[in-house]
A.B. asks: 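Attaching a single structure in structure tokens format; questions to follow.
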Protein chains: 2
Amino acid sequence: MAAAAGVSRATVSYVLNGVDARVSDETRERVLKAARTLGYTPNAMASALRAGRTSVVIFALPNWPLGPALGEFLSGCVTELDRLGYTPLVHFVHASGPDGLQKACDRVRPVGVVAPSGDLPPERIEALRGNGTHGFVLMGRDPVPGVPTFILDQNRVGAVAIEHLAERGHQRVLALTPLDPQLGDLGEVRLAGAQEAAERLGVTLTHVPADELQRGLEVEPTGVYAFNDELALGALDALPDGVALIGTDDSPAARLSHPRLTTIRFGGQDNPARIASTLHAQIAGETIQEPVINSTPTVVQGETT
Amino acid sequence: MAAAAGVSRATVSYVLNGVDARVSDETRERVLKAARTLGYTPNAMASALRAGRTSVVIFALPNWPLGPALGEFLSGCVTELDRLGYTPLVHFVHASGPDGLQKACDRVRPVGVVAPSGDLPPERIEALRGNGTHGFVLMGRDPVPGVPTFILDQNRVGAVAIEHLAERGHQRVLALTPLDPQLGDLGEVRLAGAQEAAERLGVTLTHVPADELQRGLEVEPTGVYAFNDELALGALDALPDGVALIGTDDSPAARLSHPRLTTIRFGGQDNPARIASTLHAQIAGETIQEPVINSTPTVVQGETT
DNA sequence: TTGAAAGCGCTAACAA
DNA sequence: TTGTTAGCGCTTTCAA
């Protein structure tokens with residue numbers, strides 16, 4: 001490449017990295033033309049080696065059920081990170097082996113990582129810091145000291161649902177959960193939150209896996225809380241008239257259903273932007289002012305409650 | 001590191017890469033211990049630079065609606081690739097800028113790429129080949145000459161749905177589509193396939209966006225084909241008794257709904273494994289025998305048709 | 001305004 | 001069985 005343009009490798013580097021002060025217009029033109037002709041792309045491995053860092057940000061996705069809400073959130077994060085000049089890539093934690101995230105980080109040396117707090121313990125973070133990873137955002141229920149954390153309080157989701165039903169006078173409530181082990185840990189926390197709220201508010205909560213819906217109806221509930229919108233929609237037709245129903249996720253389908261489903265929306269629109277900028281600030285070496293990003297669940301009122 | 005173990009860098013490299021023939025047991029032990037003590041991790045950038053290739057496989061995800069079916073497929077691909085020793089990472093094509101995939105490939109120099117055929121034209125593939133990318137699997141409607149292709153015939157999905165309804169004697173059918181622009185291109189192709197099949201079979205097909213379901217019912221359809229299961233479930237309660245309903249995706253919620261939803265399952269269980277092994281073979285320099293991986297949609301019979 | 005050269009951390013060929 | 005060394009492609013300092 002340098003030879004093709006008749007200049008030194010150094011000059012090529014300056015041109016391609018926009019250090020304009022250093023090269024004459026004429027030389028720059030020649031280099032750019034040669035680059036185009038040859039289809040030259042700088043070797044990112046080499047420059048990463050030299051610089052001691054890549055532009056990659058790994059988003060470690062835990063075993064969450066893939067749906068519209070998650071898609072929107074992920075897309076948002078990717079878009080923001082891309083805008084800031086990073087190369088965001090999603091790693092499926094549960095689908096790789098036990099040390100999948102660890103291995104992925106060792107192999108791409110990301111400059112930043114977004115990961116569930118459970119998958120990235122403090123000692124790993126320390127190890128990564130020494131390897132060129134400078135930005136961290138954890139996702140979890142509780143704040144992690146010293147590391148910016150995106151609070152996803154599934155516990156609260158369950159509580160909000162029950163509070164909503166209780167406010168409307170429902171005393172016997174069914175909690176409808178997917179069979180899918182995917183919702184596993186996530187679901188347990190939600191259920192616990194719902195249970196707590198139920199006790200607090202004097203609501204009788206019966207937990208029923210989705211495939212036993214019919215059996216659950218024997219307790220003659222006045223309200224049903226489904227752990228996701230699909231489940232709610234699937235139950236809608238089977239529920240006796242007058243039984244209230246609230247789903248979770250605010251999926252597009254919930255907005256389009258007849259009757260329109262009441263559901264729970266998780267988190268604000270600007271969370272992806274805040275996650276991205278938190279990462280960016282850390283990587284730039286700034287101190288983070290707000291180490292906690294809160295995601296509050298809110299009820300989206302429909303016609304089913 | 002080499003110094004800490006009192007050996008040369010070469011020896012460290014051999015030990016950590018399992019070239020056992022070269023080092024004595026005693027030396028190996030010493031090196032491994034030192035590595036553990038120091039928390040030493042080989043710099044993958046350096047070794048990638050040296051080797052001319054990384055272990056990363058980029059899976060370029062187009063603007064498909066995220067749901068359980070896609071999740072299963074993606075997880076499958078990731079698991080298989082991981083098993084083969086690669087580092088699979090998912091790139092959200094639509095969420096990055098226009099040349100997002102290009103940029104991502106330039107920055108991580110993946111050894112393999114799985115991408116929609118529309119996002120990876122032949123000239124790009126050629127360029128990538130020169131940059132250390134040796135495995136390609138395209139996803140699209142039609143085979144691409146010279147490149148293994150995973151055939152996703154959305155056209156056929158639409159046709160299968162209409163055929164299923166026609167077989168059961170339905171002559172007036174509603175096609176219920178999401179508003180979501182996400183399904184855009186994908187949806188158009190499906191609709192076209194359904195339209196063709198309808199004409200062929202003498203079925204009257206009316207296309208209605210999901211938010212106009214009520215208006216669609218004025219044509220008094222005897223069957224409804226929804227472009228995804230969530231939409232189908234959302235409509236279930238609103239449809240008059242006796243109207244047949246078929247969804248798309250075979251989502252868990254469809255299996256759990258009451259009545260159980262008839263739906264369309266897309267593709268076989270072993271597609272991820274075939275995609276992974278096709279990539280693997282190419283990277284190993286083998287010639288691919290079966291350059292086309294077919295994904296045939298099949299009806300999953302429920303109680304709604 | 002430009003070139004020469006060092007060095008990022010690793011691996012593989014060659015020497016001992 | 002182990003050490004020495006060249007060189008992967010880049011950026012950046014120093015010299016011209």
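Letters A, B, ... mirror the listed sequences (proteins, then strands); counts begin at 1.
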A.B. asks: Residues two or more places apart in sequence or in another chain: which of them pass salt bridge (charged side-chain N to carboxylate O under 4.0 Å, His left out) with A:Glu286?
C.D. replies: none

A.B. asks: Taking atom P of C:dG9 as reference, at what distance in whole Å does atom CE of B:Met45 sit?
C.D. replies: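 For the pair B:Met45 CE and C:dG9 P, the rounded distance is 13 Å.
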
A.B. asks: So, using salt bridge (charged side-chain N to carboxylate O under 4.0 Å, His left out) as the criterion, who are the partners of A:Glu126 when residues are at least two apart?
C.D. replies: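 Per chain and number, A:Glu126 pairs via salt bridge (charged side-chain N to carboxylate O under 4.0 Å, His left out) with A:Arg129.
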
A.B. asks: Around A:Glu123, counting heavy atoms of other residues, nucleotides and ligands shown, do more than 12 lie under 6.0 Å from its CD?
C.D. replies: yes

A.B. asks: When you get a sec, tell me which of C:dG9, D:dT12, D:dT2 is the closest nucleotide to the side chain of A:Ser13?
C.D. replies: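 The listed nucleotide nearest to A:Ser13's side chain is D:dT12.
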
A.B. asks: Can you tell me how far P of C:dG3 sits from OH of A:Tyr14, to the nearest Å?
C.D. replies: 12 Å

A.B. asks: Taking only residues two or more places apart in sequence, or in another chain, which ones meet B:His134 in a ring-ring contact (aromatic ring centres under 6.0 Å, His included)?
C.D. replies: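 ring-ring contact (aromatic ring centres under 6.0 Å, His included) list for B:His134, sorted by chain: empty.
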
A.B. asks: Measure up the B:Phe150 and B:Phe73 rings against each other and bin them: parallel (under 30°), tilted (30 to 60°), perpendicular (over 60°).
C.D. replies: parallel

A.B. asks: Would you kindly say whether A:Arg109 and A:Thr54 are connected by a side-chain donor-acceptor distance under 3.5 Å?
C.D. replies: no

A.B. asks: Find every protein N or O atom lying less than 3.5 Å from an N or O atom of nucleotides 5-7 of chain C, and list the pairs.
C.D. replies:
| residue | atom | partner | partner atom | Å |
| --- | --- | --- | --- | --- |
| C:dG7 | N2 | A:Arg50 | NH1 | 3.3 |

A.B. asks: Say whether A:Arg124 and A:Gln102, considering side chains only, have a donor N or O and an acceptor N or O under 3.5 Å apart.
C.D. replies: yes

A.B. asks: Using the ring-ring contact (aromatic ring centres under 6.0 Å, His included) criterion, which residues pair with A:Phe136? Sequence neighbours excluded.
C.D. replies: none

A.B. asks: Could you give the CG-to-P distance, from A:Asn43 to C:dC8, as a whole number of Å?
C.D. replies: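 To the nearest whole Å, that distance equals 18 Å.
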
A.B. asks: Can you list, in residue-number order, the parts of residues 18-30 of chain A that come under 4.0 Å of DNA chain C, counting heavy atoms only?
C.D. replies: A:Ala21, A:Arg22, A:Val23, A:Ser24, A:Thr27

A.B. asks: Could you tell me how far apart B:Asn17 (CG) and C:dA12 (P) are, to the nearest whole angstrom?
C.D. replies: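 Computing the B:Asn17:CG to C:dA12:P distance gives 7 Å.
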
A.B. asks: Measuring from the side chain of B:Ser8 (C-beta onward, heavy atoms only), which nucleotide among C:dC8, C:dT2, D:dG3 has the closest atom?
C.D. replies: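 Out of C:dC8, C:dT2, D:dG3, the nucleotide with an atom closest to B:Ser8's side chain is D:dG3.
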
A.B. asks: Just checking A:Val12: base, sugar-phosphate only, or nothing, at a heavy-atom cut-off of under 4.0 Å?
C.D. replies: nothing

